[in-house]
Number of protein chains: 2
Amino acid sequence: MVDENMLEDIASEQESYQDERIARLIRLAARSFNRSLQMRLTTEGMTFGQWIFLRILWEHDGLSQRALSEKAHLTEPTTHTALSRMEDLGLIERRKVGSNKRRQHAFLTRKGRELRDRLEPLAIETNDLALAGLSNEEVRVLRHALDVVIRNLEQDEVESASRGVRVPSTRSLQQI
Amino acid sequence: MVDENMLEDIASEQESYQDERIARLIRLAARSFNRSLQMRLTTEGMTFGQWIFLRILWEHDGLSQRALSEKAHLTEPTTHTALSRMEDLGLIERRKVGSNKRRQHAFLTRKGRELRDRLEPLAIETNDLALAGLSNEEVRVLRHALDVVIRNLEQDEVESASRGVRVPSTRSLQQI
DNA sequence: GCCCTAAAGATAGATATCTAAGTTGTTGAC
DNA sequence: GTCAACAACTTAGATATCTATCTTTAGGGC
């Protein structure tokens, strides 16, 4: 029946990724990275969400939940749930430090610290694999372009927030 | 108290995005894109997940669920839930076409079709905004590099799947 | 010193995505 | 023609992320 075959043909069209808009390309690349790394992390019993914070804590042990959120570029509820799970699993401990009774700081346990040797190579492997076939110059431009894109979009977010309904910040008050 | 201040200093360190690994940069860029576009879609009452499929259907109305999954690079359960929701909202209709009683094809309703004029400019706006300040040559290299990265990682997935526990495909049988 | 606002965190509920496993329909080997 | 294997879809349940809202603590203006 002609109908069906036509519909199939459209679907199997070979498309060049390069014709896609940048947003889609970046989204695809991010998903591919996630899947590739997650596959590897899963074999070590680690989830992606926890990995994000482990990685930061390996470099900066003892950060507050807010500071971790900023470093990871994630919201606090996200950080909160991940840290709770990590505490349950014995990867970190949460403690208040000094006189400030609001801040919860996260400290790696021995177990959390020791995971580094097994997990970090997986990330490096994925990274190297992804860049195979690109010249140093191309990678340099890629980094630079991504950096610009991120800054542009963060700027957009800040401006929209100050204009918009949400986030009754000091900035929006100044505009009145 | 020295302890607390030290911890804060570490957190507020100004970091250059360019020092990050590519995987992180791409993930950040994708999240920024998503937030930026979602902000805009929300003002029109649209969600990101539905947008993905609407966009494809505007170009290729009547695709099957599987074909849509492939085009969107998403799994079938993801597609299924999005399409169900879209059907409830009256944006699409699902029908079986011809003699094949398994395939569900998705067809835009008038309502779904008419959204295009309002939504598409939002995506273009985000895209243009993100690329501000980059030269044509830089954008060209960005596209190319992303294309390579995606292909590399897809290749990795295929190989891992054929090696690994999951996906008992024909490929893995050939290797035995 | 008291009170209001802001900061830090916690909780609830929504969306987008995945893997695993079940159902139903199709097809090819014999 | 029957049956096993595969294809397309569905359902269930997990993870990662978000916005909105609430609680508790800290700090500043008076």
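All of these numbers come straight from a predicted model, not from anything done at the bench. By convention in this document, chain letters (A, B, ...) are assigned in the order of the sequence lines, proteins followed by strands, and residues within each chain are numbered from 1.
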*asked:* Both conditions, 6.0 Å and 45 degrees, for the charged tip of B/Arg95 above the ring of B/Phe107: are they met here?
replied: yes

*Examine C/dA16: is either OP1 or OP2 under 4.0 Å from a nitrogen or oxygen in the side chain of B/Thr47? Give yes or no.*
yes

*For C/dA10, does OP1 or OP2 lie under 4.0 Å from any side-chain N or O of A/Gln104?*
yes

*Check the side chains of A/Arg40 and A/Ser36 for a donor-acceptor pair under 3.5 angstrom, ignoring hydrogens and angles.*
yes

*Presence of A/Ser64 side-chain N/O under 4.0 Å of C/dA8 phosphate oxygens OP1/OP2*: no

Tabulate atom names and distances for all N/O pairs under 3.5 angstrom spanning the protein and nucleotides 23-27 of chain D.
unit_1	atom_1	unit_2	atom_2	d
D/dT25	O2	A/Arg102	NH1	3.3
D/dA26	OP1	A/Ser99	O	3.3
D/dA26	OP1	A/Lys101	N	2.7
D/dA26	O4'	A/Arg102	NH2	3.4

*According to a strict under-4.0 Å criterion, is A/His80 in side-chain N/O contact with OP1 or OP2 of C/dA10?*
yes

_Spacing between A/Glu70 atom CD and C/dA8 atom C1', to the nearest angstrom_ = 11 Å

*Return the nearest nucleotide to the side chain of B/Arg35; candidates are C/dT17, D/dA16, D/dC18.*
D/dC18

*Regarding B/Ser84 and B/Thr81, is there a side-chain donor-to-acceptor distance under 3.5 Å anywhere?*
no

_OP1 or OP2 of C/dA10 versus the side-chain N and O atoms of A/Gln65: is any pair under 4.0 Å?_
yes

_Residue B/Arg31, side-chain heavy atoms: nucleotide from D/dA8, C/dG9, D/dC18 that is nearest_ = D/dC18

*If we only count heavy atoms from C-beta on, is the B/Arg24 to A/Phe33 side-chain gap below 4.5 Å?*
no

*Answer yes or no: is there an ion pair linking A/Glu59 with A/Arg55, defined by an N-O contact shorter than 4.0 Å?*
no

*Step through the shown structure and confirm whether more than 12 heavy atoms of other residues, nucleotides or ligands are within 6.0 Å of CG on B/Asp88.*
yes

*Could you pick out which residue, B/Arg85 or B/Thr78, lies toward the 5' side of DNA chain C when each is mapped onto its nearest nucleotide?*
B/Arg85

_B/Gln38 vs B/Pro77, nearer the 5' end of DNA chain D by closest nucleotide_ = B/Pro77

*Are B/Glu138 and B/Arg143 within salt-bridge range, i.e. N to O under 4.0 Å?*
no

_Rounded distance in Å - CG (B/Leu74) to P (C/dA16)_ = 11 Å

*Can you tell me the distance, in whole Å, between the CE atom of B/Met39 and the P atom of C/dT15?*
19 Å

*Nearest-Å distance for atom pair CD/C1', residues A/Glu76 and C/dA12*: 16 Å

_Applying a 4.0 Å non-hydrogen cut-off, can you work out what A/Arg94 is touching in the nucleic acid: base, sugar-phosphate, or nothing?_
sugar-phosphate

*Roughly how many Å is it from NZ in B/Lys96 to P in C/dG25, rounded to a whole number?*
8 Å

